[in-house]
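Take a look at the structure below.
Note on naming: letters A, B, ... go to the chains in the order of the sequence lines (proteins, then strands), and numbering restarts at 1 for each one.
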Amino acid sequence: MPSVSDELHKEKYDQFKLEEWVKGFWEDNNIYQLVKEKSMRSDKKFYFLDGPPYASSTVIHIGTAWNKVIKDTILRYYRMKGYNVWDQPGFDTHGLPIEVKIERELGVSSKKDIVDVIGVERFIGECKRFVDTSIKAMTSQFKELGVFMDWDNPYITYKDEYIEAGWWLIKRAWEKGLLYRGVQVHHWCPRCETTLADYEVSEYRELEDPSIYVKFPVKGREKESLLIWTTTPWTLPANAFVMASPNIMYARVRVGDEVLIMAVPRIERVMKEAGISNYEVLEEFSGEELEGIEYIHPLEDLVDAQKTLAPYHRVVLAPEAVTAHEGTGLVHSAPGHGDIDFKVNSAKVGAPVVSLVDDQGRMTRESGKYHGLYFRTEANKAIIEDLKRMGALFYESRVVHRYPVCWRCKTPLVLRATRQWFIKVTQLKSKLIQEADKIRWQPDWAKTRFVNLLREVRDWVISRQRFWGIPLPVWVCSKCGYTHVIGSVDELVEMGGEKPKELHRPWIDRVTLKCPKCGGEMHRVPDVLDVWFDSGVSFYASLGYPRRKLWEDMKPVDFITEGHDQIRGWFFSLLRSGVIGFDEAPYRSVLVHGFALDEQGREMHKSLGNYVDFNELISRVPRDVIRFWVMQTTVWEDLRFSWKGLDEMKRVFNIIWNTYTFASTYMSLDKYDPTRTGLDAVWSSLEVEDRWILSRLNRLIARYHEAMEDLRPHDAARMLKSFIIDDVSHWYIRLVRRRVWIEEDAPTKNAAYATLYHVLRTLLVLMAPFTPYTSEYLYQKFVKPAEDNARASVHLEELPEAREDLIDDELERDMEIASQIVEAVAAARNAAGIKLRRPVKRVIIAPVEEEVGRRIMRMERVIKEMANTKTIEIVGPEFFEEARIYRVEPNYRELGPSFKKLTPKVAEVISSRQEEVAKSIISEGTYKAEVDDVSVVIERRHVNIKAYYPEWLSVKETSLGIVGVDTRLEKSEIMEGLAREVVRRIQAMRKEMNLPVNAFIEAWVTGDSEILEAVRELKSYVENETRSKQLHIGEEGPGNAFSREWEVDGKRVTIKILLAE
RNA sequence: GGGCCCGUAGCUCAGCCAGGUAGAGCGCCCGGCUGAUAACCGGGCGGUCGGGGGUUCGAAUCCCCCCGGGCCCA
């Protein structure tokens, strides 16, 4: 016969051990496989797509842990709701950060070294080895957290099948005319020797640069120059034109025997900076008048490239590029080295785009004299010297400003125009916005943010001049220039290529094709793809599309969740790929989560010393505690990491444990069998608190589902916590305690067992997605032994649906009121110094409305028990009014000014005629008296009125009404109180002797006569409570008995105990 | 410089969308309970709801500006 086992309460609680045990249990019994198999039998699909973490570290960030816990909780929820859940994890593996790490490991620092010293083949091998190590380490940490995903079958972006899937999209883009090669100005890292996309330019440093004012002589005018300002002298050799604004006023300013042209609002600043006080503004005019003025470039003779640029040297109007806030209002423009310059040039000038800096950051041959010099250092220096020598330098100083550096190697970046491959995303803009609108965003503002970004979308530079990435599948004929994009390995072979060992560089670089146009040899463009491309195609690539057709059955992705940085990142790249490849958004709903910050709300950084190491965390805090704690945070807000917060959560688990051991202690004692004595069997014996907790439970279930389906798992987590702590532990268990202490087989006890068992069992299942370890453990130890038909694991259970018929609003309101009344009584007792142990004769309540009174009386039994009162009386407010005693005190601040010299005597009257004065002032507002033959009128303001209740009545006023406790002692209550004191002490002694709760004893009580009388009077009560077979009053007892002397209210008593046979 | 989010007690946070007497847990102090006991109950201390302005009879809540923090851009 199954019954609740006694295993739980025999064991010392240790959450770490518990989790270790569960981990072993899952492994030994293949629980994940069972869960997965069960899920796969369902035909309701739930396609979850894991945003792949970047596999560049062996220790995960706290934020990554949170991310996976959120995912796991939601996946578990949907599995337990009977869905066929796709739970494949992913890893993002390509890209520059990993290349840089490997370069460091191998001790090289340039692309040349990778090719010549290391060899690309070995380099790629090292990248792969590094990634594999990271994946292994990360996987084991995710498993530690109890994350149930298909860890044996992750999608990994460097696999050939994945690369091939990536090619497919490039081919799609090409077929749709979205792929193009173009020149654009981008940031370039001269160390990594690759272009960086806008979003990769994320780091800035405070760097020092020259700040120079340079004179560009105006053609055909003696000693007259345009004055320009720049902090990048190295761009001057590539100067093509000068920009001015039509919205700014300019002036010709005489300085010495020269005339300088500059913006009016800048004159004073510039002159001051240059230390020139003697200057004269000759003439002011609108910027428009500058248009077309030609100038001579001061370095014209030193720079070869200037020969082609000279014809364009004139002033161009470009209000978007010129401000009156800095410089001179005249901006030197080098289309090959500036974004705006490039745009203005294409729109208005059409000069050749010249970049005079090479891949390594050195000046090119075309820069003439400066050939070979490094741009920010050597070239700057040489150029400034030449300008000075030629008299073209107006003023020179240094400036410290924010300058972009490479996000991986911190090398200052250079802006330069290069030829790159693009996808014309701008053409898809309206479609992107339209598709974004169909997606469910939680929270709402994520959508706003997303659409804001889409409005500013730019074409996407997909090419990178690196090694560790998906090779760009573009082949170009070396003879006729014909370009072809390859969409698959099969196509590669069809085109005459040989299938390489793997699709990475360098193997793929060796594959040549035969040009279908001219028969010439086609070579691959040596670029690889931007690493953001990789994860963007995961929605189909992880499923092996197009080689396999699973995506077509599974689409769209039902759910994704990542941090809010991914609004711009992955959420965007997925949508972009979805629209390029399939003309639609690939996912249906998004949950955005926050960042894991430190206690002060700052970002965690190893360099800031506030970094919390995952391994430290997991060794200090049990996994479920971490999980349940992080899940309490409003998902889309930032998580403030807190050791203290985690400690608090440990206590919650302690209470959960205590709750289950409480139940198991008594249920096992009585061999309670939930399969025989279930809720149905005890239905008619349910007490009001039983019906109440069942109502609460079902309300919880309903709200829990609402929260989970609305992607508010934190709300569900909070509800679970408050249900178990507040409703079950703090209230329900307190209420049923006495019922489970009953010895015999009473219906009310069985009703309590059945209810408690049902509640705790259901709760385990509801908790399982959040606290998989604890739920499993309690399921194995508490549920399993009691139910023959229990599942192998709690994770194979199905989530219950709420039983609406058990939700009773009225009852819950009644209980709410009862609890408030009990609270008020406790406060009143406390004020009067009456212990809860001592019963009181009556509690008197004047409710604010009759309704409340009725509710109180419906809960009479509960209130009487919890408040330890013999009776409850409902009275009208007049009861308290009549009992109230008023006292008045003289208010000297008001008395003084009114009565001057009489003040002391008036005060005397007030103090001596208390009641009389108080009554009069309350009813009439004044009190009239004769003082030294003078009539005085004492007003309300002259006194402070205080209300008191008589000694015997302790009162607490509440929003429900006035609650009074009659504190008068009658002999019977005193007796009962004393008896209870003795009981308590016997219990303490039993505990000290380590007696089992159900053991019987024999006891002897001697000492104070009043106490003995009380015990004699309530003998059977004492015997019952303490499980005493025999209670000897006034007898010494044997010497071998366990003995203790006590003092109760100043009275001595000696108690002896022996274990009865 | 722009977009979005956050700012409430010493700490962690709820309340804000749908305006109506500022809440919980923890911590601290005092008291109680002692058959869940590293649990539990009551009371107290503690708040310019980041600051300022506006709308309103009434604002933590709605609007505007500013400050601090976060993310993403420029």
Side-chain angles (χ1 to χ4, degrees), chain A residues 8-9 12-13 198-199 201-202 204 323 325 339-340 404 443-453 455-456 458 563-569 571-572 592 594-603 629 632-634 636-652 654-666 669 714-715 718 721-722 725-726 728-731 733-734 737-738 740-741 819 822-831 833-838 866-868 956 959 980-981 983-988 990-991 995-999 1025-1027:
Chain A
L8 277 189
H9 69 266
K12 193 168 153 39
Y13 173 53
D198 300 332
Y199 52 78
V201 182
S202 54
Y204 291 79
T323 79
H325 303 300
D339 190 24
I340 282 202
D444 298 337
W445 55 256
K447 183 178 187 169
T448 311
R449 207 162 136 175
F450 194 69
V451 172
N452 284 346
L453 291 167
R455 286 191 219 285
E456 288 166 31
R458 308 214 308 186
H564 45 66
D565 55 332
Q566 299 304 332
I567 293 175
R568 178 62 193 220
F571 302 153
F572 174 56
V592 175
F595 264 56
L597 307 176
D598 75 358
E599 317 232 29
Q600 280 79 45
R602 301 189 180 259
E603 209 184 334
W629 181 73
Q632 305 280 321
T633 299
T634 305
W636 45 84
E637 286 178 16
D638 291 343
L639 170 83
R640 286 211 187 182
F641 185 85
S642 158
W643 291 108
K644 229 173 104 185
L646 286 161
D647 279 342
E648 280 177 30
M649 188 50 83
K650 281 183 198 164
R651 300 171 56 148
V652 170
N654 205 342
I655 294 174
I656 294 175
W657 177 265
N658 280 332
T659 303
Y660 282 84
T661 49
F662 170 82
S664 98
T665 303
Y666 295 102
L669 222 52
H714 53 283
D715 280 338
R718 289 171 190 165
K721 180 181 152 195
S722 112
I725 301 297
D726 300 332
V728 178
S729 172
H730 290 181
W731 195 244
I733 288 194
R734 258 172 87 204
R737 240 186 325 206
R738 299 208 73 83
V740 307
W741 293 344
S819 117
V822 169
E823 197 176 299
V825 171
R829 294 179 81 110
N830 195 49
I834 306 168
K835 299 172 176 181
L836 186 58
R837 212 181 297 135
R838 209 202 80 197
M866 301 301 280
N868 197 15
K956 171 80 184 177
S959 60
R980 237 170 128 164
E981 295 281 0
V983 166
R984 197 205 110 201
R985 280 157 178 89
I986 294 176
Q987 307 292 31
R990 287 181 61 115
K991 187 140 208 154
L995 295 184
V997 276
N998 57 340
E1025 289 287 304
T1026 60
R1027 296 179 78 93

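- When the P atom is compared between B/C16 and B/U55, the two are found 25 Å apart, to the nearest whole Å.
- Going from the C1' atom of B/C17 to that of B/A59 covers 15 Å, rounded to whole Å.
- The side chain of A/R718 contributes an N or O atom lying less than 4.0 Å from OP1 or OP2 of B/A14.
- Taking the charged nitrogens against the carboxylate oxygens, A/R718 and A/D715 do have a contact shorter than 4.0 Å, which makes a salt bridge.
- Summarising the geometry, the separation between CZ on A/F641 and C1' on B/C13 is reported as 17 Å, rounded to the nearest angstrom.
- Considering only side-chain atoms of A/Y666, the nucleotide from B/G42, B/G35, B/C4 that sits closest is B/G35.
- For the P atoms, the distance from B/A60 to B/G54 is 15 Å, rounded to whole Å.
- The side chain of A/E648 lies closest to B/C26 when the candidates are B/C26, B/G3, B/A36.
- At a threshold of 4.0 angstrom between heavy atoms, the contacts of A/R737 include nucleobase atoms, whether or not backbone atoms are also involved.
- Residue A/T634 places no side-chain N or O under 4.0 Å from the OP1 or OP2 atom of B/C13.
- Comparing the C1' positions of B/G15 and B/G47 gives a spacing of 14 Å, expressed to the nearest Å.
- B/U21 and B/C64: their P atoms are spaced 25 Å apart (whole Å).
- Of the side-chain N and O atoms in A/R984, one or more sit less than 4.0 angstrom from OP1 or OP2 of B/U34.
- For the pair A/E1025 and A/R738, the salt-bridge criterion is met [side-chain N within less than 4.0 Å of a carboxylate O].
- Rounded to a whole angstrom, the distance from the P atom of B/G20 to that of B/C49 is 16 Å.
- Of the possible polar contacts, one joining the A/R985 side chain to the A/E981 backbone as a donor-acceptor pair under 3.5 Å is found.
- Taking the charged nitrogens against the carboxylate oxygens, A/D647 and A/K644 have no contact shorter than 4.0 Å, which rules out a salt bridge.
- Within the 4.0 Å cut-off from OP1 or OP2 of B/C40, at least one side-chain nitrogen or oxygen of A/H730 is found.
- For B/C11 and B/G43, the P atoms lie 24 Å apart once the distance is rounded to whole Å.
- A sub-4.0 Å separation between OP1 or OP2 of B/C72 and a side-chain N or O of A/R449 is absent.
- The shortest distance between the side-chain N/O atoms of A/R651 and the OP1/OP2 oxygens of B/A39 is below 4.0 Å.
- Distance alone, capped at 3.5 Å, is enough to place a donor-acceptor pair between the A/R990 side chain and the A/T1026 backbone.
- To the nearest whole angstrom, the two P atoms, one in B/A39 and one in B/G7, are 32 Å apart.
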